[in-house]
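The structure appears right after this line, and notes come after that.
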Amino acid sequence: MQHPAQEPPEIAETLRESEERFRTLVQFSFEVYWETDAQHRFIRQEFANTLADHPVSEIGKTRWEVPYLEPDEEGWRKHRETLDAHLPFRDFELARPTPEGGKRYVSVSGLPIFDKTGRFVGYRGVGRHITDSKRAEEALRESEARFRTFVDHATDAFILHNEDGEVIDVNRNACESLGYSRDGLIGMTPFFFDLELNAATWQRNREHLEAGGVATVESRYRRKDGTVFPVEVRMREFCQGGQRMIISLSRDITERKRTAEAFREMRAELAHANRAAAMGQITASVAHEVSQPITAMLCNAEAALSWLGSQPPDLGELQRALAFIVTDANRAGEVLNWIRALIRKTPARKESIDVNNAILDVVTMARSELLRHGVSLQTDLAALPLIEGYRVQLQQVILNLILNAVEAMSCIDEAPRELRISTTGKATGAILVAVRDSGPGLDPTNINRLFDPFYTTKPEGIGMGLAICNSIIEAHGGRLWAGANEPRGAVFQFTLPSERE
Ligand code: ADP
């Protein structure tokens, strides 16, 4: 038997050092170093001790005898072609079962080795464990898929834009609502389907966004088939990978608009019904207001006739009587105009209103109603700035508050029934109107529901009076609220911003 010649010590030392360098290299670069022979049998395997669990050695087995979970047969067939052709390979990914029943992913690279005569003697290579990165990749893919599903199932249209507005990505809802394919929308400018948008408005919206805000705008989108629908668009700008992007979420508000329109119509109907009902309640007053000037006119006309019949006719007295008739006719005309305006469905034009004056008009109309119920009235009207608004609507509010107070007080018999209407000018320029009564007051448990539509405690109430008052005051930029009056009763107050504001 031949023994290998002893190497000289310096060569042995060099070899040892080289071997150590090699181990360090493997240790920190790869988890496995391996060698196979010409039959692809493992003849050497070195595992880095950075591995938490050492895989079982496969020395003596061929590659095909080692159990693999991945790749599939087709993947192995291709790999085997590479091996049989003695070609180098790089990052061939495979998975082995772990004792716990999981998968260990390895990425393997190998180089064929040939001896001096050029004969293939095997492969030498390394393996890297890629289970963690593979898992992370899978998790990311899954989370992306989940996110995509979520985004695709969202009831809003998601549109991602670059800084110039160009569409970068969309969800399914965006495609469905606009009638384009995803590819059709990507690269499109939003000015094409958003009818309210142009380069200038886009820029304005972005300026708003750059301040870190979310911009919400109403707009109209045009579908591929040319039909148009209203949308509410919320936009937010963000930065990803150094690129600024804008995400817009649009919601089809056709239904909401329709409901709002229906509600407006219904409210207008009810407001009209409420006004008509209020009118019904004060017909006695109105009749009085109209009949008074008519009676006066009759008297003056009779007087005029007798001045005319006297010898000689007293032209001075005649002129005076006719002037009275003109004044009274005007007054009766005004009352009728007011009633017509109150009963009319559509609001008149906005105008500058002297609120004190408007209150006095209403008080005049309601006077005999107050009298009939034995209610005494006190008015404290301060000098006020003018208000911009709808005179008849504000008068409707005051009339409603007066009639509610009268109704509330009608059950009080043992104490005086007092109604006090006051106005105050605020330092801010706003004005405050208060209607106080000495009735039973408000039920504190239901004070929040007073202004709800259809809230009523009256057997024949509709419960729309205060709801309508509230919406009128809000539409004028003011606020209406209720509270307890001192020493008893209720107080309803509202503010209105002045024209100066
Ligand atoms: P309605 O008069 O048809 O009931 P409103 O909206 O005008 O409808 O009033 C709602 C409810 O608010 C009334 O039913 C009543 O209970 C209460 N309310 C309104 N005004 C007064 C008041 N001055 N004093 C006490 N309760 C009041």
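One-based numbering along the sequence shown. All ligand and atom numbering here is 1-based and tracks the order in the structure.
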>> Can you tell me how far apart CG (D437) and CG (N485) are? Round to the nearest 0.5 Å.
In response: 6.5 Å
>> Using 0.5 Å steps for rounding, measure from the CZ atom of R436 to the CD atom of E418.
In response: 12.5 Å
>> Can you report which non-hydrogen protein atom sits closest to atom 7 (O) of ligand 1, along with the distance?
In response: N404 ND2, 2.9 Å
>> Can you report which non-hydrogen protein atom sits closest to atom 10 (C) of ligand 1, along with the distance?
In response: Y455 O, 3.2 Å
> Is the NZ or CZ atom of R244 positioned over F238's six-membered ring, under 6.0 angstrom from the centre and within 45° of the axis?
Replying inline: no
> Does R479 make a cation-pi contact with W481 (under 6.0 Å, within 45 degrees of the axis)?
Replying inline: yes
> If you count the atoms of ligand 1 from 1 in the order shown, which ones are under 4.0 Å from a heavy atom of A408?
Replying inline: 22 (C), 24 (N), 25 (C)
>> Under a 4.0 angstrom heavy-atom cut-off, which atoms of ligand 1 come close to K458?
In response: 1 (P), 2 (O), 4 (O), 13 (C), 14 (O)
Any N or O of [X] that comes nearer than 3.5 Å to an N or O of ligand 1?
{"X": "L466", "value": "yes"}
{"X": "T456", "value": "yes"}
{"X": "L450", "value": "no"}

> Does ligand 1 have any atom that is closer than 4.0 Å to a heavy atom of G441?
Replying inline: yes
> Does F492 have a heavy atom less than 4.0 Å from any atom of ligand 1?
Replying inline: yes
> Out of T457, N470, L442, whose heavy atom is nearest to atom 26 (N) of ligand 1?
Replying inline: L442
>> Counting only heavy atoms, tell me which of C411, G463, S438 gets closest to atom 3 (O) of ligand 1.
In response: G463
> Between N198 and T201, do the side chains contain an N or O donor and an N or O acceptor separated by less than 3.5 Å?
Replying inline: yes
> At a non-hydrogen distance cut-off of under 4.0 Å, which region of D437 contacts ligand 1 (side chain, backbone, both, or neither)?
Replying inline: side chain
> Is R234 paired with D156 through a side-chain N to carboxylate O contact shorter than 4.0 Å?
Replying inline: yes
>> With a 4.0 Å cut-off on N to O distance, would you call R417 and D413 a salt bridge?
In response: yes
> For atom CD of E74, is the number of surrounding heavy atoms from other residues, nucleotides or ligands below 6.0 Å larger than 12?
Replying inline: yes
